[in-house]
Amino acid sequence: MALLNDLINLNLTDSTKKIIAEYIWIGGSGMDLRSKARTLPEPVSDPKKLPKWNYDGSSTGQAPGEDSEVILYPQAIFKDPFRGGNNILVICDAYTPAGEPIPTNKRHAAAKIFSHPEVEKEIPWYGIEQEYTLLQKNINWPLGWPQGGFPGPQGPYYCGIGADKAFGRDVVDAHYKACLYAGINISGINGEVMPGQWEFQVGPSVGISAGDELWAARYILERITEIAGVVVSFDPKPIPGDWNGAGAHTNYSTKSMREEGGYEIIKKAIEKLGLRHKEHIAAYGEGNERRLTGRHETANINTFKWGVANRGASVRVGRDTEKEGKGYFEDRRPASNMDPYVVTSMIAETTILL
């Protein structure tokens with residue numbers, strides 16, 4: 001008799017051309033990923049060739065019960081690391097039956113900005129550092145922490161190794177390989193300053209694809225933690241007190257910044273970001289005020305400042321960029337629960353279009 005794992009791992013390509021497509025979208029809270037699967041008659045590699053679908057928006061906080069149908073528009077395809085074969089993950093955004101983007105559809109507005117000729121000409125690159133915390137399932141307390149108690153102070157955990165310093169590495173490595181398999185441009189992982197906290201980086205990715213890839217990577221992480229029986233938190237300050245918060249530092253450059261004389265373009269872009277500091281902060285994640293205190297490698301939420309190699313600044317410029325006179329900068333303000341469609345498009349809009 002076949003075991004459950006044998007059935008889960010069946011290779012469908014041996015017996016059928018049909019594939020399974022997992023349609024993924026963002027629910028009403030802006031962070032609750034949802035998904036459901038459908039069978040397609042054959043492999044598909046172009047999202048434009050995928051059928052639209054629908055779901056009950058009244059069950060996700062995105063539509064009233066008397067008019068609950070929300071339409072999914074496929075936008076990006078990734079290989080499915082859970083089902084393997086020709087099966088796919090499909091990142092979608094959501095619309096009313098009349099074709100209007102629903103209010104929680106942040107991708108639609110971002111795509112407008114990224115399709116602007118001035119933005120397209122600058123080929124904006126992003127590298128997003130996604131921090132997150134792994135929690136014990138039944139008590140919502142960080143992995144590796146004693147129940148109701150605290151570990152030793154910060155210091156040995158950042159990029160640490162050993163059973164008393166690194167907690168959840170199996171989840172982290174499984175996620176790393178699954179993202180590479182899926183075709184996500186994941187560029188690295190590391191243990192973070194707080195025990196039980198980790199980071200992965202997505203990029204460099206161009207324009208709207210940065211948001212698609214980060215949401216796909218978050219989905220894969222949620223699925224892996226589901227299998228492992230742990231909980232992933234994107235809260236920007238999961239543990240109050242003398243512990244680092246969790247951010248999504250966003251590295252950014254344009255074609256002009258990457259060319260000779262780019263450092264002057266970078267400084268002008270940072271000046272523009274400073275002028276819209278309040279607008280950016282308002283869009284950079286819920287609960288960010290608990291993280292951006294001016295301590296624990298952050299600038300104060302009410303203050304905008306930038307510096308070279310300064311991790312206590314709102315925006316950090318690397319030593320290599322200063323030395324070479326061109327390159328990129330890092331916006332350190334986004335919280336770990338930010339929407340990458342909002343953050344990436346807003347940075348492009350502020351620095352290129354305003």
Please state whether the rings of Tyr263 and Trp306 are parallel, tilted or perpendicular, taking 30° and 60° as the class boundaries. perpendicular
Tyr126 vs Tyr252 aromatic rings, parallel, tilted or perpendicular, using cut-offs 30° and 60°? tilted
Donor on one side chain, acceptor on other, [X] and [Y], under 3.5 Å:
| X | Y | value |
| --- | --- | --- |
| His249 | Arg316 | no |
| Asn244 | Gln154 | yes |
| Thr350 | His280 | yes |
| Asp235 | Ser233 | no |
| Asp93 | Tyr341 | no |
| Ser209 | Asp212 | no |
| Asn190 | Gln201 | yes |

Hydrophobic clustering (ILVMFWY, side-chain heavy atoms < 4.5 Å, transitive) - are [Y] and [X] grouped together?
| X | Y | value |
| --- | --- | --- |
| Phe200 | Met31 | yes |
| Val193 | Leu135 | no |
| Leu40 | Leu12 | no |
| Val231 | Leu33 | no |
| Val343 | Ile113 | yes |

Applying ring-ring contact (aromatic ring centres under 6.0 Å, His included), run through Tyr328 and Trp125 and close with a yes or a no. CA-CA 9 Å; Tyr328 70 97; Trp125 288 3; 9.8 Å; no
Contact summary for [X] and [Y], nearest pair of heavy atoms:
| X | Y | answer |
| --- | --- | --- |
| Ala37 | Glu22 | CB-OE1, 3.3 Å |
| Ile123 | Arg258 | O-NH2, 2.9 Å |
| Val119 | Ala348 | CG1-CB, 4.3 Å |
| Ala335 | Pro236 | CB-CB, 3.8 Å |

Show, in sequence, the C-alpha distance, side-chain angles and deciding distance for Lys326 and Glu260, and conclude whether the salt bridge (Lys or Arg N to Asp or Glu O under 4.0 Å) test is met. CA-CA 6 Å; Lys326 59 183 178 179; Glu260 293 302 319; 2.9 Å; yes
Under the 3.5 angstrom rule, does the side chain of [X] hit a backbone N or O of [Y] as a donor-acceptor pair?
| X | Y | answer |
| --- | --- | --- |
| Gln136 | Pro142 | yes |
| Asn9 | Asn5 | yes |
| Glu122 | Lys255 | yes |
| Asn54 | Ile71 | no |
| Ser314 | Lys305 | yes |

If you count the non-hydrogen atoms of other residues, nucleotides and ligands that lie under 6.0 Å from [atom1] in [X], is the total more than 12?
| X | atom1 | value |
| --- | --- | --- |
| Ile161 | CD1 | no |
| Tyr158 | OH | no |
| Glu286 | CD | no |

Side chains of [X] and [Y]: closer than 4.5 Å at any heavy-atom pair?
| X | Y | value |
| --- | --- | --- |
| Glu192 | Trp198 | no |
| Ile19 | Ile88 | yes |
| Lys137 | Val230 | no |

Are Arg218 and Phe234 in a cation-pi contact, defined as NZ or CZ under 6.0 Å from the six-membered ring centre and within 45° of the axis? yes
State whether Tyr55 and Lys36 meet the cation-pi test: NZ (Lys) or CZ (Arg) under 6.0 Å from the six-membered ring centroid, and within 45° of the perpendicular axis. no
Given the rule in the ring-ring contact (aromatic ring centres under 6.0 Å, His included) test, do His108 and Tyr95 qualify, once you have shown the distances and angles that lead to the verdict? CA-CA 9 Å; His108 179 79; Tyr95 296 78; 5.8 Å; yes
Run the side chain to side chain contact (heavy atoms under 4.5 Å, CB included) test against Phe150 and tell me which residues pass, sequence neighbours left out. Trp141, Trp145, Ile239, Trp243
So if I apply the side chain to side chain contact (heavy atoms under 4.5 Å, CB included) rule between Ile24 and each of Phe78, Tyr219, Trp215, which one comes out positive? Tyr219
Salt bridge present between Glu271 and Lys268 (N-O < 4.0 angstrom): no
I'd like to know if Lys323 and Asp320 make a salt bridge, using a cut-off of under 4.0 Å between side-chain N and carboxylate O. no
What's the separation between atom OG in Ser345 and atom NZ in Lys106, rounded to the nearest 0.5 Å? 10.0 Å
